[in-house]
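Notes for the one structure printed next.
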Amino acid sequence: MDPLGSVIVETGRCIFSFFFTSIATVIKLQHNTGRLRKEFEKLEDRKNGIEEDVRLAETEGKCATEQVKGWIRKVEEIEQEVQPMLEKADRLAVQGCGPCCNILPRYRLCRRMAKKQLEVQQLISSCCFDNVVTDKKSPVRAVEKQQGPSLAGQREAEEMIEKLMELLKGDENKRIAVWGMGGVGKTTLVRNLNNELESSSLMESIDIVIWITVSKDLDLKKVQSQIAKRLNLELDPNEVIEERAKMLLKRLMMKKFLLILDDVWEHIDLDIVGVPQTDDQANRKILLTTRSLDVCRAMMTDEEIKLDVLKQEAAWNLFAQNAGDVVEVPSINPLARAVAKECGGLPLALKTVGKSMRNKRRIELWKHALHHLQHSDPHVKHIEDEVYRRLKLSYDSLPSKILQSCFLFCSLYPENYSIRTDELIQCWIADRLINEHQPLEDCFNDGIALIETLKDSCLLEQGDCAGTVKLHDVVRDVAIWISTKQGSEKPCASILFTNITKPLKQFSGFSELTVILLVGNPINKIHDNLFAGLRKLRVLNLSQSHIVTLPPSLSQLQELRALLLRDCCYLEKLPSLGALRKLLVMDLSGTRLRELPNGTSKLKKLQELHLSRTHHLETIEAGTISGLQSLELLDMSFSAYKWDTRCNVDYGKASFNEILTLDRLSIVKLRLDKVDSVTLDSAWLMKLREFNIQISPGSCDSNHLATQHDEKRAILRGVDLMGIKGLNGLLDTASALDLVICGGISALSELSISHRLSSLESVKSLSISKCDCITSLISGDNISGTILPNLEHLSLNRLENLGAILGGMVPRKGCLKWLKTIEVVDCKKLRALISFALLQQVKNLEQIKVKNCSKMKYIIGGEVSAEMIPKLRVIELSDLPMLKTICSRLPAWPALEMIEVRNCPMLTKLPFATSNGVAATLKEIRGELQWWNRLIYSNDEIKSSLQQRFQPLKPLR
């Protein structure tokens, strides 16, 4: 072959070889790409599966083994290499194998893919692990012990823990709160509960107890972290709270838990935290401690347990435990007990003060400590730091400056003093803590709201009697301490004196004074110029002092809003009051005044005038009452002043008609000798929000029931109910009716006939006492329609001739149908409380109380069924010597909660037909042990069922 031909043949062979090789390389690249992609997908599937296992394990507090972690790292490294290869192969595949394609990169890529395929296969084959995960930390304990003092041996605390245990066992209580003032021992109590849970049967239904300390500055991420740590769960601190919540929720949904939230100051949104909130979480419970009842409400707790201060014996034991044996030294013991008493039963104070006095044997030191405690002075820094500052947190957390000022105002009253709530509200109004430019009812409602908020914050507590509040001794000390600290920042605004016996001469240097409280001081004389210079005084309270008169300088108090002289039993005269144009409240109750002061009619802004129990008041000048056109409350209950219209007009005295001219009047309390000379018009009485009107000829006796808020009470005392005229308006509008020593009728139903009343339908509360003429409450012989259709509360006391509540044929519908409570005392002739006829009427009856009825043989007559008494909750019986039965035995009691029996020797059977008939609602049976042991039962099952509910009564002294 010629040279040219050879060149052409060789060139053709090369071209053919190039195209053949290119095609083979492309085919092989595609093959290797497919195999690598397939093996790589297998590897990815294995990796994803293992990572999912690890994620699930992490929710249980576990983590991947080191072997697995190393394998995952290798996979992640090879992912960084394989992914670009596959992407490059895909691009080359799109280019195809044309004459311009570069075979060398394809060849190199093909070889690299083959190598990576082997590496991928090796990783796949090496992923068979014995263990994918391992425990991250030590296993989670069901209960973590909490450090703190033990309450073992402290009976009251042990009973409280037992009560909490029982509440936690019940399915109905998902959220429980322990609340009380700071330092009362809430955390200590719940710590002891936590520690006792480990050995409790309660843990059979709970996987884990989680203790979280919340504290005042709420940090939801911190709460989440504490929960996660308890669960051995790692949360990313940089992750948003919502994502962290998802992880917590996922873990907690797998658990039965008790979450203890200690020291909660505000509402915690548990949904945001990640705590399950489903309705069916019987085994997921929350127990919280807080100082505020408002927090309990916000957290929607099912049960709130208030922890009170320690009683005297327990308080002394705690103090002695911290102070040491020195308290038993005879010369120190009385002082030590006095010091302990100053702590007011507050565990925090008892421990702090006790430790500060531990083993101090010098009497002088104990006297020093007692003196400072009695004068609200923290004599050692420990008390200020550990007690006062901690209690001040409650003050700091109050939602407004107004509330803080209201709290500090209460500290002006003496230690352990029960403050009348109405007086406190009057002072707050006068001191501009409540808006005075609104109706009196709105002011009162604002005041009650402020008081309740302070009570819910454990800064105020219930006083010694109804309608009063007081400060705990230590809380009062803290309030005085706060006021003292603030004293350098603002002028002195109030002053408090105690046990002043010498005449008061002046308040020099107190020109900024706004409040003077001299309550209960035996002071009997005040200097003529005492009030000169007190231009800013707004509240003057001299109640219960021994003053006989006040000086003329009183007229200089032109900013005065409240003049309170209640129960100044020697006060006979006051100077002219005409200059006190801003006066809102004047209380002269219980004084010896014979006439109202001159200038009273000029008090155009006066809203409240209190003249109750002014037994010597004879003169009110004509025009005085009608001049008080801003008056909203007039209280002249049990005053000696006579309102006879004709006589008063003749002698230039104020008549009853002046009261009728007061358009803003909403509350009236007064006594009338008779009603034939005054106008008790229904329309006027209906306009009043509240009234207490007593008709009692010639009597100022104050022994009667107090009027409840918004109640309209009529009291007829010593009245001939048949002969008296002018009662129609009063009886038509009264919601409460008291009849005391009245005559003229044998049954109350006769009133509706003699006074042409329809049914006494407004009356909701009825009390009849010492009316010997009454033989029955309602007599069917003289009524045709309903009577007392809205009566809810009935009290019958010392009715010597009462033989029955219902007599004769009574209309079956309407009478007494809303009756809830019935109380009968000292009705000697009454043999049965509720006849079968009466039983048909009283299906809303809730309480029965019977005492000292010597001939009473049974409580409810006839054959009784559960449908007749569906709401009866309480039966209290005492001093019934002839009582043989409560009622016929019932198969079931729908609502019965409590039975109490005292001194009923002939009552030997209780009204339960079967053990199943013992009401599921029955909580307790109280009675004397001797009586209980004499009871006869139908069978042992009933006895056993009742025995569990029996509580022995202590003998009366």
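- With hydrogens and angles disregarded, a donor-acceptor distance shorter than 3.5 Å links the side chain of Asn192 to the backbone of Leu151.
- Under a cut-off of 6.0 angstrom, the local environment of NZ in Lys909 is sparse, with at most 12 non-hydrogen atoms contributed by other residues, nucleotides or ligands.
- Checked for salt-bridge contact, Glu823 and Lys849 miss the test: no charged N lies under 4.0 Å from a carboxylate O.
- The aromatic rings of Phe950 and Trp932 lie parallel to each other, their planes meeting at an angle below 30°, with 60° marking the opposite boundary.
- Judged by distance alone, the side chain of Arg934 and the main-chain N or O of Pro905 form a donor-acceptor pair under 3.5 Å.
- The closest donor-acceptor contact from the side chain of Ser457 to the backbone of Thr453 lies under 3.5 Å.
- When atom types are taken as modelled, the side chain of Ser696 and the backbone of Arg717 share no donor-acceptor pair closer than 3.5 angstrom.
- Remark: side-chain polar atoms of Asn801 are not paired, donor with acceptor, to backbone N or O of Cys771 under 3.5 angstrom.
- Proximity of a side-chain donor or acceptor of Gln840 to a complementary backbone N or O of Phe836 within less than 3.5 Å is detected.
- The CD1 atom of Ile774 sits 12.5 Å away from the CD1 atom of Ile805 when rounded to the nearest 0.5 Å.
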Throw together a table of side-chain donor-acceptor distances under 3.5 angstrom for residues 311-319, partners on residues two or more places apart or in other chains.
| unit_1 | atom_1 | unit_2 | atom_2 | d |
| --- | --- | --- | --- | --- |
| Asn317 | ND2 | Glu313 | O | 3.3 |

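- In this structure, Glu166 does not pair ionically with Lys163, as no charged nitrogen and carboxylate oxygen lie closer than 4.0 Å.
- When the shell of 6.0 Å around CG of Asp940 is examined, it contains 12 or fewer heavy atoms from other residues, nucleotides or ligands.
- Put simply, the side chain of Ser762 never gets that close to the backbone of Ser735: no donor and acceptor are under 3.5 Å apart.
- Lys186 contributes no side-chain N or O that, together with a main-chain N or O of Leu307, makes up a donor-acceptor pair within less than 3.5 Å.
- Looking at Thr301, its side chain does come within 3.5 Å of a backbone N or O of Cys296 through a donor-acceptor pair.
- Taking the side chain as every heavy atom from C-beta outward, His472 and Cys458 never approach each other to under 4.5 Å.
- At most 12 non-hydrogen atoms from other residues, nucleotides or ligands lie less than 6.0 angstrom from CD of Glu863.
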Output a table of donor-acceptor pairs, distance under 3.5 Å, between side-chain atoms of residues 868-876 and any protein atom two or more places apart or on a different chain; print 'none' if there are none.
| unit_1 | atom_1 | unit_2 | atom_2 | d |
| --- | --- | --- | --- | --- |
| Lys871 | NZ | Asn844 | OD1 | 2.7 |

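- Residue Glu162 places its CD atom among 12 or fewer non-hydrogen atoms of other residues, nucleotides or ligands, all under 6.0 Å distant.
- Side-chain N or O atoms of Thr468 include one that pairs as donor or acceptor with a backbone N or O of Cys465 at under 3.5 Å.
- By the neighbour-count criterion of 12 heavy atoms within 6.0 Å, atom NZ of Lys455 is densely surrounded, having more than that number from other residues, nucleotides or ligands.
- Heavy atoms from other residues, nucleotides or ligands lying under 6.0 Å from NZ of Lys470 number more than 12.
- Shown here is Trp818, whose CH2 atom has no more than 12 heavy atoms of other residues, nucleotides or ligands within 6.0 Å.
- Of the candidates Glu941, Gln948, Arg949, Ser945 forms a side chain to side chain donor-acceptor pair (under 3.5 Å) with just one, namely Arg949.
- Side-chain contact between Leu777 and Leu794: present, with at least one pair of heavy atoms (C-beta onward) separated by less than 4.5 Å.
- In the displayed structure, Lys828 atom NZ is contacted under 6.0 Å by more than 12 heavy atoms of other residues, nucleotides or ligands.
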